[in-house]
Amino acid sequence: MGREENEIAVGLDIGTTKIVAMVGRYNEYGKMEVLGVGKSKSLGVHRGVVNNITQTIQSIQQAVQEAESVSGVKISEVTVGIAGQHIRSLQHSDYITRPNADAVIDEEDIDTLCNQVHKLVMLPGEEILHVLPQEYKVDGQAEIKEPVGMYGGRLEANFHVVVGQVTSIRNIGRCVKSSGLELSDVTLEPLASANAVLSQEEKEAGVALIDIGGGTTDLAIFKDGIIRHTAVIPFGGNVITEDIKEGCSIIEKQAELLKIKFGSAWPGENKDNEIVSIPGLRGREPKEITLKNLSKIIHARVVEIIEQVFLEIKNYGHESPKKKLIAGIVLTGGGSQLKHLKQLVEYITGMDTRIGYPNEHLAGNSDPETTSPMYATAVGLVMDSLVHISKQKKAAIKEALVEEEIKEETTTIAGEGIEEEKPVVDTRPRKNILEKWTEKFKEFLDNAE
């Protein structure tokens, strides 16, 4: 992917059941156009964590090759999503005392405060992934969303800190590198999915996004447009398939097909006499399974997953008036396509629920398959990557302009016979915490080789 094709970005979603490489760009209306999608069966990932490097590399290469042949674009850089049961989040408050209270607060002060949070001592083997500021306080004045430009001596903030295991993150980086790709950015998967399926109004009103994947269920809670809580629950669609396999004594492939074709999260739906016949193995008798039994098995496991997610929503404190989630719940991910899941979630939580399709930001002529909830994370990753690329482009243009100005000024001064050095003004946009972290991570990978 050459620099002249800057507008094209690639998202790589390394999931437990499938690996998706998606190539996209913005069209003239500012909507995202999907140029090609490649997907392969994920073999070396368990519950969102890489447990077999060789198999994962093969799966990544397969998905990337398919995406290349469909889109006709050579892929060299990707934005990768990170999830898995090792991700946890915590709340933290911190403050800095500014040396000069008469100067206005600028981006640098906020950077200093965020970097201070990065020095928090974590458990052995853990690393801070994201430091997301919530509200600020300036000299005790609370509920400030944007402190830049204000006067104040003491700057405080509440932070949402996302933590992950170093080894799991390194393994993903190693797989991407070994597949012959460059890592342009790393994003937390619940954040990517949220970008793809939630509208700004929902984030303002308060919403919980539940992304039910193959190996994990990701949760992201937004209120007043800010991310308030994230969690990864180590259960997903695969556990339901496993239960069907055990409960009906059939092989995994058949269990997966049964779940997709006849599965329902609501057992009262099926009559007692509805039966599915499954061919037996190598000349054995076919098996007969009642649909009522099948949905009882699915129902039991789905209820368990939803209750765990609901516990996280309660931990966030959604019952207090200030933290009320007015927009309710949005379900996405492959697991959200289970029949009657929406009704079951509404019944358990008592909150409004809808299924989230990533068509909010996609071009109107998109392939119906791409707008499936299964691809929410991949669409979000491409969007993140496009934003990242446009930021870099603007920075490069600004830098070139500044250099040009300095050259002109120097020439003018030299013409007058006075040599005077002009201070170089750095107008590059400051990198956010995640961009800095990605750079450090890339350096680490380069050194590790």
Side-chain angles (χ1 to χ4, degrees), residues 12-16 44-53 56 79-96 110-134 157-177 183 185-194 209 211 213 215-221 226-236 308-309 311-312 315-316 377 381 384 431-449:
L12 185 68
D13 174 15
I14 302 175
T16 308
V45 182
H46 179 65
R47 291 199 175 154
V49 179
V50 174
N51 65 358
N52 186 321
I53 296 266
T56 306
T79 292
V80 179
I82 215 158
Q85 59 192 38
H86 61 93
I87 301 282
R88 65 184 185 94
S89 62
L90 51 116
Q91 299 297 329
H92 175 72
S93 335
D94 219 323
Y95 73 92
I96 54 165
I110 291 171
D111 278 354
T112 311
L113 185 54
C114 290
N115 288 338
Q116 196 164 300
V117 179
H118 263 272
K119 290 177 188 144
L120 270 181
V121 180
M122 288 292 118
L123 295 171
E126 281 191 334
E127 193 170 291
I128 293 176
L129 288 179
H130 292 254
V131 169
L132 306 160
Q134 312 270 287
N158 293 327
F159 291 96
H160 179 75
V161 183
V162 182
V163 181
Q165 256 176 359
V166 180
T167 46
S168 305
I169 301 159
R170 282 179 190 168
N171 286 340
I172 285 184
R174 168 67 50 234
C175 290
V176 172
K177 280 261 193 191
L183 197 67
D185 213 350
V186 181
T187 302
L188 189 66
E189 287 195 359
L191 297 184
S193 308
L209 177 89
D211 183 346
T216 57
T217 297
D218 303 337
L219 170 73
I221 296 176
I226 300 169
I227 183 136
R228 300 292 180 182
H229 189 76
T230 48
V232 177
I233 287 127
F235 296 116
Q308 283 209 30
V309 176
L311 187 67
E312 286 288 346
N315 287 346
Y316 153 74
T377 307
L381 289 171
D384 277 4
K431 292 185 178 67
N432 68 26
I433 291 296
L434 188 60
E435 284 167 0
K436 288 178 188 165
W437 180 83
T438 309
E439 278 176 13
K440 281 185 199 157
F441 180 53
K442 279 192 210 160
E443 272 173 38
F444 163 80
L445 283 176
D446 292 335
N447 297 338
E449 281 180 352

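Everything numeric here is computed off the predicted structure, so don't read it as measured data.
- A distance of 10.0 Å separates CG in Leu188 from OG1 in Thr377, rounded to the nearest 0.5 Å.
- Contacts of Ser93 classified as side-chain hydrogen bond (donor to acceptor under 3.5 Å, both in side chains), with partners at least two apart in sequence or in another chain: Asn158.
- A heavy-atom distance below 4.5 Å is not found between the side chains of His92 and Ile128.
- You'll find the side chain of Ile87 reaches within 4.5 Å of the side chain of Leu129, heavy atoms only.
- For the pair Ser89 (side chain) and Thr230 (backbone), a donor-acceptor distance under 3.5 Å is present.
- Under the 3.5 Å distance criterion, the side-chain polar atoms of His229 are left unmatched by any main-chain donor or acceptor of Tyr316.
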Checking Lys119 against Asp94 for the side chain to side chain contact (heavy atoms under 4.5 Å, CB included) test, could you report, in this order, the C-alpha distance in whole Å, the side-chain angles of both residues, the deciding distance, and whether it holds? CA-CA 11 Å; Lys119 290 177 188 144; Asp94 219 323; over 6 Å; no
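- Distance check: Leu120 CG to Leu90 CG gives 7.5 Å after rounding to the nearest 0.5 Å.
- In this structure, CG on Leu219 lies 7.5 Å from CG on Leu209, to the nearest 0.5 angstrom.
- Between His160 and Arg228 there is no side-chain heavy-atom pair separated by less than 4.5 Å.
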Under the side chain to side chain donor-acceptor pair (under 3.5 Å) rule, what do Ser193 and Asp211 come out as? Steps first, then yes or no, please. CA-CA 7 Å; Ser193 308; Asp211 183 346; 2.7 Å; yes
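- For the residue pair Val163 and Met122, the shortest heavy atom distance occurs at CG2-SD, 3.6 Å.
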